[in-house]
Amino acid sequence: MAYDEHLGDRIRQIMQSKNVPFYDKKMMGGLVFMVNDKMCCGIHIDKKFGDSLLMTKIGVNAYKQEIEKEECLPMDFTGRPMKGYIFVTPQGFDMDIDLEYWIDKAVDFNKILTK
């Protein structure tokens, strides 16, 4: 198992409960959730961190605010953080309400991209 399947199920349940049209796609050893054919959020096992991280695409403005939180890390695959993307550590999505917060941020940003 390359990613946390239980976390994937939790994300699916939240998106389905909000009637968000999505599909998931295995990518780079993880799982991404596509909304409007754009990457919205996903699961990534970070070897440096040693656990599954939630990846969310929240945009540059939200990134500036959210990156200050203890549970947030820059999304860094290549040595350079990707603008507008953030990793959330398990302490930031352990509770369903917390996971829903991050999914909402990603879906809301996705809506802006499709206007």
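Note that these values count all heavy atoms, side chains included, but never hydrogens, waters or copies made by symmetry.
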*Asks:* Which pair of non-hydrogen atoms, one from Asp4 and one from Ser52, has the smallest distance, and what is that distance?
*Replies:* CB-OG, 3.3 Å
*Asks:* Checking Arg10 side chain against Glu100 main chain: does a donor-acceptor pair fall under 3.5 Å?
*Replies:* no
*Asks:* Given side chains that start at C-beta, do those of Ile86 and Lys57 come closer than 4.5 Å, heavy atoms only?
*Replies:* no
*Asks:* Drop me the distance from Asp24's CG to Phe33's CZ, to the nearest 0.5 angstrom.
*Replies:* 5.0 Å
*Asks:* Grab the two heavy atoms, one from Pro90 and one from Asp51, that are nearest each other, plus how far apart they are.
*Replies:* CG-OD2, 3.4 Å
*Asks:* Does the pair Lys105/Asp108 count as a salt bridge with the N-to-O cut at 4.0 Å?
*Replies:* no
*Asks:* Using side-chain heavy atoms (C-beta onward) and a distance below 4.5 Å, is Met34 in contact with Phe22?
*Replies:* no
*Asks:* Closest heavy-atom contact between Val35 and Cys40?
*Replies:* CG2-CB, 3.8 Å
*Asks:* Listed by chain and number, what are the salt bridge (Lys or Arg N to Asp or Glu O under 4.0 Å) partners of Glu71, not counting sequence neighbours?
*Replies:* none
*Asks:* Is it the case that the ring center of His44 lies less than 6.0 angstrom away from the ring center of Tyr3?
*Replies:* no
*Asks:* Do Pro74 and Tyr63 have side-chain heavy atoms sitting under 4.5 Å apart?
*Replies:* yes
*Asks:* Can you get from Met15 to Ile97 by hopping between Ile, Leu, Val, Met, Phe, Trp and Tyr side chains that sit under 4.5 Å apart?
*Replies:* no
*Asks:* So, using side-chain hydrogen bond (donor to acceptor under 3.5 Å, both in side chains) as the criterion, who are the partners of Asp98 when residues are at least two apart?
*Replies:* none
*Asks:* What I'd like to find out is whether the side chain of Met39 reaches to under 4.5 Å of the side chain of Lys25, using heavy atoms alone.
*Replies:* no
*Asks:* Heavy-atom distance under 4.5 Å between the side chains of Ile45 and Leu53, does that happen here?
*Replies:* no
*Asks:* Would you mind reporting whether Val20 and Asn110 have side-chain heavy atoms less than 4.5 Å apart?
*Replies:* no
*Asks:* Working to the nearest 0.5 Å, report the span between CD1 of Ile43 and NE2 of His6.
*Replies:* 10.0 Å
*Asks:* Within the distance-only criterion (no hydrogens, no angle test), does the side chain of Trp102 pair as donor or acceptor with the backbone N or O of Cys41 below 3.5 angstrom?
*Replies:* no
*Asks:* Between CZ of Phe87 and CE of Met75, what distance do you get to the nearest 0.5 Å?
*Replies:* 5.0 Å
*Asks:* Count the heavy atoms of every other residue, nucleotide or ligand shown that sit under 6.0 Å from NZ of Lys69, and state whether that count exceeds 12.
*Replies:* yes
*Asks:* Test side-chain contact (heavy atoms from CB on, under 4.5 Å) on Phe93 and Leu7; report intermediate values, then the result.
*Replies:* CA-CA 9 Å; Phe93 59 81; Leu7 177 56; 3.6 Å; yes
*Asks:* Counting only heavy atoms not in Lys38, do more than 12 sit closer than 6.0 Å to its NZ atom?
*Replies:* yes
*Asks:* When rounded to the nearest 0.5 angstrom, what is the spacing between CD1 in Ile103 and CD1 in Ile11?
*Replies:* 4.5 Å
*Asks:* Can you find a heavy atom in the side chain of Arg12 that is under 4.5 Å from one in the side chain of Leu31?
*Replies:* yes
*Asks:* To the nearest 0.5 Å, what is the distance between OG1 (Thr89) and CG (Leu73)?
*Replies:* 6.0 Å
*Asks:* Under 3.5 Å, is there a donor-acceptor pair between the Glu66 and Tyr101 side chains?
*Replies:* yes
*Asks:* Could you state the interatomic distance from CG (Asp96) to CD (Gln13), rounded to the nearest 0.5 Å?
*Replies:* 8.0 Å
*Asks:* If we only count heavy atoms from C-beta on, is the Asn36 to Leu113 side-chain gap below 4.5 Å?
*Replies:* no
